[in-house]
Peer 1: 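Mind having a look at this structure? Questions to follow.
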Amino acid sequence: MLATVDWHTVWERLFHPDHVFLRALWTTVYISVAAQALGVVLGLIAALMRMSRVAPLRWLSGIYVLAFRGTPLLVQIFFVYYGINLLFGFSLIPTTVSFGFFTMDGAVFGGILALGLNEGAYMREIIRAGIDSIDKGQMEAAGSLGMTHGLAMRRIVLPQAARVIVPPLGNEFNAMIKNTSLLFIIGVYEMFADADVHYSTTFQPVEIFGAVAVWYLLLTTIWTMIQAAIERKLAVSERGEELSFRERMLQAWTPVQAWARAR
Amino acid sequence: MDTGAGVGASTVATADVGAATTTVVRAVGVQKRFGRLEVLKGVDLEVRRGEVVCVIGPSGSGKSTFLRCINHLERIDGGRIEVNGHLIGYRERRGRLVEDSEKNIARQREEIGLVFQRFNLFPHKTALENVIEAPIHVRGIARREAIVRAESLLGLVGLSDKRDVYPGKLSGGQQQRVAIARALAMNPSLMLFDEATSALDPEMIGEVLDVMKTLAREGMTMIVVTHEMGFAREAADRVAMMDEGRIVEEGRPAEFFVSPREARTKQFLSKILG
């Protein structure tokens, strides 16, 4: 069976990526990052709305999560890209989107929007859990010092919640890298679209899709390593073993003094 | 560098001594319910400038709740609380009390320092950063200036050498002393202590009480909810006994501990003093 695999094609796809593929790879990466960033922002807004005193804001947040967690991502991508223009009666997502200094393909823009909206619904729950995990006394202490709710949230609660939020956020980003492949159906030329083009000219599904799977695996593996490094760093500070910059310098330069202080 | 040296009376602000009123806290008929449970059933208390009032009583008597009402961490269901002549947490509108805006409540709280039983230091900030946080971000004081003052406050509580240490590496007593410095950094005209030594190991209680005694000597107005009768006897100008949501007896410590009038007080004191 394996003898029928054209190993040369696999080798070429993996180790001699052409210019077009590299651009598709870059598209995959930047869509992932942009959509995840959008998701975090939307998730944070929705989480804060969920905790608001104003009831309609809470409802809006609930409806948002209900809609985007309860329907297929693929449907959302189609709906956002094709549907919104019709819904609003004008071209909300034109064929090219210009941000002044650089322009973006309309499909890429729509794709980022759809992935980000979907991600925001999941991030809301993650961020809310992170905020809930912080002791109520922190908010009270901040309040007793004259901080308003918003200031206390920004300066005291969210920085601490970030430690709880980062690990699941990492998992979300891992999923996001893979979900970008769905955008091929609205015409985004990312890694999977590139593979599909090659497949339709060579009819070598095993070689082509196998190779692109390895590329996705490479991206997610690199991310897993980065994520592990971040979590290790956070875990150290959580154990209270965090040293300030000054202490670290002291220990590095005067080991004798550090030894004396430790006693 | 140890900057804790030059700590004198100037560290603790006893601001506006000459102000028109000498009453700092005036609580009248304060009521508070948690659902069906009536926690405060009309508490009256007046505290004058520079006075140290210790509130004692069995657990569940409402002492902590009352203290938390004074800076509006708890809403009240009846009565009124004034600090420095300002109604706390509420505004009067056509003879009725409506809750004040968040901004106004925050501003009122700047005047009132609160020290918690569980310290509640910000764990992601060093001792110094804990102390300078509110002066910089609430008061808008320049960082350099805030640091100078924070260093002298850390000196006051005897922790100049811990300025760059995170709370996780401090003992309970040290954390509580940082928490006191943090509250003092806002120059409060009133300090509230909510069982500040109850969560501490016995050998650390003394160091925190010593700081509180220093504050009392320097003229800070303080309301101290405590189980430390030794502190109440030594540092308090007045002792108030709370039971079942009311202040049942009030008096100077000399009389209060020697010859209490009320049966409830006698019973409580005999239990706690053995």
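Each chain gets a letter, A, B and so on, in the order its sequence line appears, and its residues count up from 1.
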Peer 1: Quick one: closest heavy-atom pair of B/Phe122 and A/Ala141, and the distance?
Peer 2: CE2-CB, 4.1 Å
Peer 1: For residues 121-129 of chain A, which side-chain donor-acceptor pairs fall under 3.5 Å, sequence neighbours excluded?
Peer 2:
from: A/Arg124; atom 1: NH1; to: A/Ser61; atom 2: OG; distance (Å): 2.8

Peer 1: So what's closer than 4.5 Å to chain B heavy atoms on A/Ile156: side chain, backbone, both or neither?
Peer 2: both
Peer 1: In terms of heavy-atom proximity below 4.5 Å to chain A, should B/Ile112 be classed as side chain, backbone, both, or neither?
Peer 2: backbone
Peer 1: For B/Glu102 versus A/Gly150, what's the shortest heavy-atom pair and its separation?
Peer 2: OE2-N, 4.3 Å
Peer 1: Which pairs pass ring pair (Phe, Tyr, Trp, His ring centres under 6.0 Å) with one or both residues in residues 28-51 of chain A, sequence neighbours excluded?
Peer 2: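 Output for this query lists A/Trp26-A/Tyr30.
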Peer 1: So which atom in A/Gly146 and which in B/Glu110 form the shortest heavy-atom distance, rounded to 0.1 Å?
Peer 2: CA-CG, 3.9 Å
Peer 1: For residues 135-172 of chain A, which residue pairs pass the ring pair (Phe, Tyr, Trp, His ring centres under 6.0 Å) check, not counting sequence neighbours?
Peer 2: none
Peer 1: Could you state the interatomic distance from CG (B/Asn71) to CD (A/Glu140), rounded to the nearest 0.5 Å?
Peer 2: 9.0 Å
Peer 1: Going by residue number, which parts of residues 130-137 of chain A are within reach of chain B, meaning a heavy-atom gap below 4.5 Å?
Peer 2: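 So far as heavy atoms go, A/Asp135, A/Gly137 are the residues that approach chain B to under 4.5 Å.
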Peer 1: Name the region of B/Arg139, side chain, backbone, both or neither, that has any atom closer than 4.5 Å to a heavy atom of chain A.
Peer 2: neither
Peer 1: Look up atom CD1 in B/Ile136 and atom CZ in A/Arg155, then write down how far apart they are to the nearest 0.5 Å.
Peer 2: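 B/Ile136 atom CD1 to A/Arg155 atom CZ measures 8.0 Å (nearest 0.5 Å).
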Peer 1: With A/Leu145 as reference, evaluate B/Arg182, B/His137, B/Arg109, B/Glu133 under the side chain to side chain contact (heavy atoms under 4.5 Å, CB included) test and give the passing residue.
Peer 2: B/Arg182
Peer 1: Sort B/Phe116 into side chain, backbone, both or neither according to what part of it lies under 4.5 angstrom from a heavy atom of chain A.
Peer 2: side chain
Peer 1: So for A/Arg53, is it side chain, backbone, both, or neither that comes closer than 4.5 Å to the heavy atoms of chain B?
Peer 2: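 Just its side chain gets close to chain B.
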Peer 1: Which heavy-atom pair separates B/Pro123 from A/Gln160 by the least distance, and what is that distance?
Peer 2: CG-OE1, 3.1 Å
Peer 1: I'd like to know if the side chain of A/Gln138 reaches the main chain of B/Leu121, judged simply by a donor and an acceptor atom lying under 3.5 Å from each other, with no hydrogens or angles considered.
Peer 2: yes
